[in-house]
Amino acid sequence: MSHSNALAHFLRHVSFPPDPHLLPTALKSCPALPLARALHAAAVASGVAGDPFVASSLLHTYLRFGAAADARAVFDGAPQKTVVGWSALAAAHASRGDADGAWRLLEKMRRGNNGPGGGGGGVEPNVITWNGLVSGFNRSGRARDAVVALARMHGEGLLRPDVTGVSCALSATGDLGTEAIAVGEQLHGYAVKAGCRLDACVVTALIDMYGKCGRADEIVRVFDESCHMDVASCNALIAGLSRNAQVSETLRLFREFVAQGVELNVVSWTSIVACCVQNGKDLEAVELFREMQAQGIEPNTVTIPCVLPAFANVAALMHGRSAHCFVVRKGFLLDVYVCSALVDMYAKCGRIRNARTIFDAMPSRNVVSWNAMIGGYAMHGEAKNAVRLFDSMLMCKQKPDMVTFTCVLAACSQAGLTEEGHRYFKEMQHDHGISPRMEHYACMVTLLGRAGKLDEAYNLITEMPFEPDGCIWGSLLGSCRVHGNVDLADVAAENLFRLEPGNAGNYVLLSNIYASKKMWDGVNRVRATMKDMGLKKEKGCSWIEIKNKVHMLLAGDDSHPMMTAITEKLKQLNIEMRRLGFAPSTDFVLHDVEEQEKDDILAVHSEKLAVALGLISTSPGTPLRVIKNLRICDDCHEAMKFISGFEGREISVRDTNRFHHFRDGKCSCGDYW
DNA sequence: CTAGGGTTAG
């Protein structure tokens, strides 16, 4: 209905001349600001605007539409200042995050307003005034003020906190994090004293608070004591356990709720999907998302950005596309969270152009949207595009954050834009006031390393204002591999082994550097250390999507149903590659000897298995997209180049950092990674 | 016929 139609409709219902008893009802359901102004004008014209009920309703309606100036005018012009009006204005300040204004208004109300049009004597705040402050502060993220408001209601207001105030203050307390546990416990005490600790809302808020303060034990205790199955408290329990990394327990409880017939809603399902995604259980998340829809629960604008990273992580492009279709059908393309997640999904699934199309069509963007797109370009090695987009971000007056600079610096370091990288590292600090964090230094080490300036990279590390972590030394070690610098590699490795003694990948990398220099003593020494420490190379794992199904392939695992055909194809590929001059490289040195003796096929890296499966399961010319959990090795990288050439396929492999697009025997990374 | 609350989120 257009506004003018709505106006006609409403005016019929307020029966002229406007009735002071009907106007508040009309205002309560008034759908738009112009209509509220029209009703206001009608009230003034007929002389009922001074009625305290009409004035309060007008005040609330204006605040509902965010028309603060109109609201203020109504309040200032009202002949009597009631507690209703004061409360509404104070709550409005609080929910805008204007704590000073809210507290000032509270004092003014008690003192009495003697200004022009003032109503004389002071007015004491009531429970609703205080709760309005608590709620407003909570919504605007002013958690401390919210708790103060509740305490003052109890202390100087001599009012007993009720269900509303306690629930709302608990919610605010959770936002303060673990240190606020004492405040949370005090609020729990209020709930006990007020006799509302078993109230459904209070229970939910308590579970939420304890969950956010890291007290998994208390969550379960409060839930068990409440003894009735309220869906909101079940949801709070799931979210709370998930937040505290109790993934298997969360999943078990969720299954139990399903079995007990708890009427789970879209929030419940969204929470459990999010739980899986945040804990690396992507395939489970995909399955639960499917199950949710089978149960007749429709995903909303929160569910979609929760589940999309799961599709992105396993490169389930078809699932991602069908989610995109759903988004279009439901009109969710207006939601900035949904679109940012779509941009990220397409980029991580290898469709950087589709990502850009979504990005360009977005009605509005926030810093996350820009970061997703810039990060996407970085991941694809398209540094020029990343840098160009960063420039337009600044032109659009969007403030970059530290994630933005991580993306920009990563793009520069991967593409060898050494000068630009240096410039952005300086600009970040001087023009944008962002001091570099660990990840920025890691990018700079990679940047310098790529340019062959290994000593400069080492100096940067020693001059860092804080203790470098494993990523930093890992970047240096990676650069040493490319440039064959054994001396510096030893230094980097020594630090890495100290910081990450259990990370097998570091030992493998060092061993490969020795092997490339034929320093077999070093290779054997590293192998012995690994054996002593009981470290096994992390199992390589790759995913490939074929005809809507995601296949997972593990190195050294022959359980895939198509294994015989895969083996056959690999043999063929090996023969063809060798005929074309392919020489296997050194990365095999750390494969278990026993495994290799059993059967060569068990020593094949997972990405080769995935590509072989892709080649035999799709028609000639179909591009293949593979995702891998580890960094791609030299041997596979070289093999992929050959295969892309003689099979005439585009093959993209996303490893831990970036995309490798293989085509006609070449890789988009220019052989540097 | 006027004022207040809880759970999911890049």
Side-chain angles (χ1 to χ4, degrees), chain A residues 19-29 51-61 63-64 82-92 94-95 125-136 138-139 146 149 153 161-172 174 196 199-209 211-212 230-240 242-243 264-275 277-278 299-309 312 335-345 366-372 375 403:
Chain A
D19 178 351
H21 293 279
L22 282 178
L23 263 172
T25 314
L27 283 162
K28 196 175 179 180
S29 51
D51 178 273
F53 284 72
V54 172
S56 295
S57 304
L58 280 168
L59 180 54
H60 277 282
T61 310
L63 288 175
R64 181 155 57 91
T82 65
V83 66
V84 177
W86 286 109
S87 303
L89 274 186
S95 60
N126 62 17
V127 176
I128 292 169
T129 317
W130 291 111
N131 282 349
L133 287 173
V134 177
S135 162
N138 179 32
R139 262 177 298 160
M153 148 156 63
D162 67 353
V163 172
T164 301
V166 171
S167 313
C168 209
L170 279 168
S171 163
C196 64
D199 173 90
C201 290
V202 173
V203 166
T204 302
L206 278 170
I207 293 172
D208 179 55
M209 181 277 292
K212 286 175 177 160
D230 175 69
V231 65
S233 61
C234 291
N235 291 346
L237 182 68
I238 289 169
S242 165
R243 205 190 307 273
L264 298 176
N265 58 19
V266 63
V267 176
S268 328
W269 286 94
T270 301
S271 306
I272 198 69
V273 167
C275 171
V277 172
Q278 286 154 12
N300 64 16
T301 50
V302 179
T303 319
I304 298 295
C306 281
V307 74
L308 282 176
D335 188 292
V336 65
Y337 293 100
V338 169
C339 290
S340 303
L342 280 172
V343 168
D344 182 64
M345 182 276 295
N366 61 17
V367 66
V368 177
S369 331
W370 289 93
N371 291 350
V403 177

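These numbers come from the heavy atoms of this one structure, side chains and all, not from hydrogens, waters or symmetry mates. Chain letters run A, B, ... following the sequence lines, proteins first, then strands; residues in each count from 1. Because the structure is predicted, anything quoted here is derived from the model rather than measured.
Heavy atoms of A:Asn366 sit under 4.0 angstrom from at least one base atom. Residue A:Ser369 is classed as a base contact, given a heavy-atom separation below 4.0 Å to a base. Heavy atoms of A:Val336 sit nowhere under 4.0 angstrom from any nucleic acid atom. A:Ser87 comes within 4.0 angstrom of a nucleotide base, judged by non-hydrogen atoms across all strands. Using a 4.0 Å heavy-atom cutoff across all strands shown, A:Asn371 reaches no nucleic acid atom at all. Nucleic acid contact for A:Arg64: none, since no nucleic acid atom lies under 4.0 Å from a heavy atom of the residue. Using a 4.0 Å heavy-atom criterion, one finds that A:Asp344 contacts no nucleic acid atom at all.
Checking A:Asn138 against A:Ser171 by side-chain atom types alone, a donor-acceptor pair falls below 3.5 Å.
Of the possible donor and acceptor atoms, one in the side chain of A:Ser87 sits under 3.5 Å from a partner among the backbone N and O of A:Val83. Using modelled atom types, one side-chain atom of A:Ser369 and one backbone atom of A:Asn366 make a donor-acceptor pair closer than 3.5 Å.
Not a single donor-acceptor contact under 3.5 angstrom links the side-chain atoms of A:Asn138 to the base of B:dG5. Judged by distance alone, with hydrogens and angles left aside, A:Asn131 brings no side-chain donor or acceptor close enough to the base of B:dA3 to form a pair under 3.5 Å. No donor-acceptor contact under 3.5 Å links the side chain of A:Ser271 to the base of B:dT8.
Distances from the side chain of A:Asp208 to the nucleotides B:dA3, B:dT8, B:dG5 place B:dT8 closest. Across B:dT2, B:dG5, B:dT7, the shortest atom-to-atom separation from the side chain of A:Ser171 is found for B:dT7. For A:Val302, whose side chain is taken as the heavy atoms from C-beta onward, the closest listed nucleotide among B:dA9, B:dG5, B:dT7 is B:dA9. Out of B:dG4, B:dT8, B:dG5, the shortest distance to the side chain of A:Val127 is found at B:dG4. Relative to the side chain of A:Cys168, the nucleotides B:dG6, B:dT8, B:dT2 differ in distance, and B:dG6 lies closest. Distances from the side chain of A:Thr204 to the nucleotides B:dG5, B:dT2, B:dT7 place B:dT7 closest.
Of the side-chain N and O atoms in A:Ser135, one or more sit less than 4.0 angstrom from OP1 or OP2 of B:dG5. The side chain of A:Thr25 places no N or O atom within less than 4.0 Å of a non-bridging phosphate oxygen (OP1 or OP2) of B:dT2.
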I would like to know whether A:Leu170 and A:Lys212 meet side chain to side chain contact (heavy atoms under 4.5 Å, CB included); could you show each step before the answer? CA-CA 10 Å; A:Leu170 279 168; A:Lys212 286 175 177 160; over 6 Å; no

Given A:Leu133 and A:Met153, is the side chain to side chain contact (heavy atoms under 4.5 Å, CB included) satisfied, shown in steps? CA-CA 10 Å; A:Leu133 287 173; A:Met153 148 156 63; over 6 Å; no

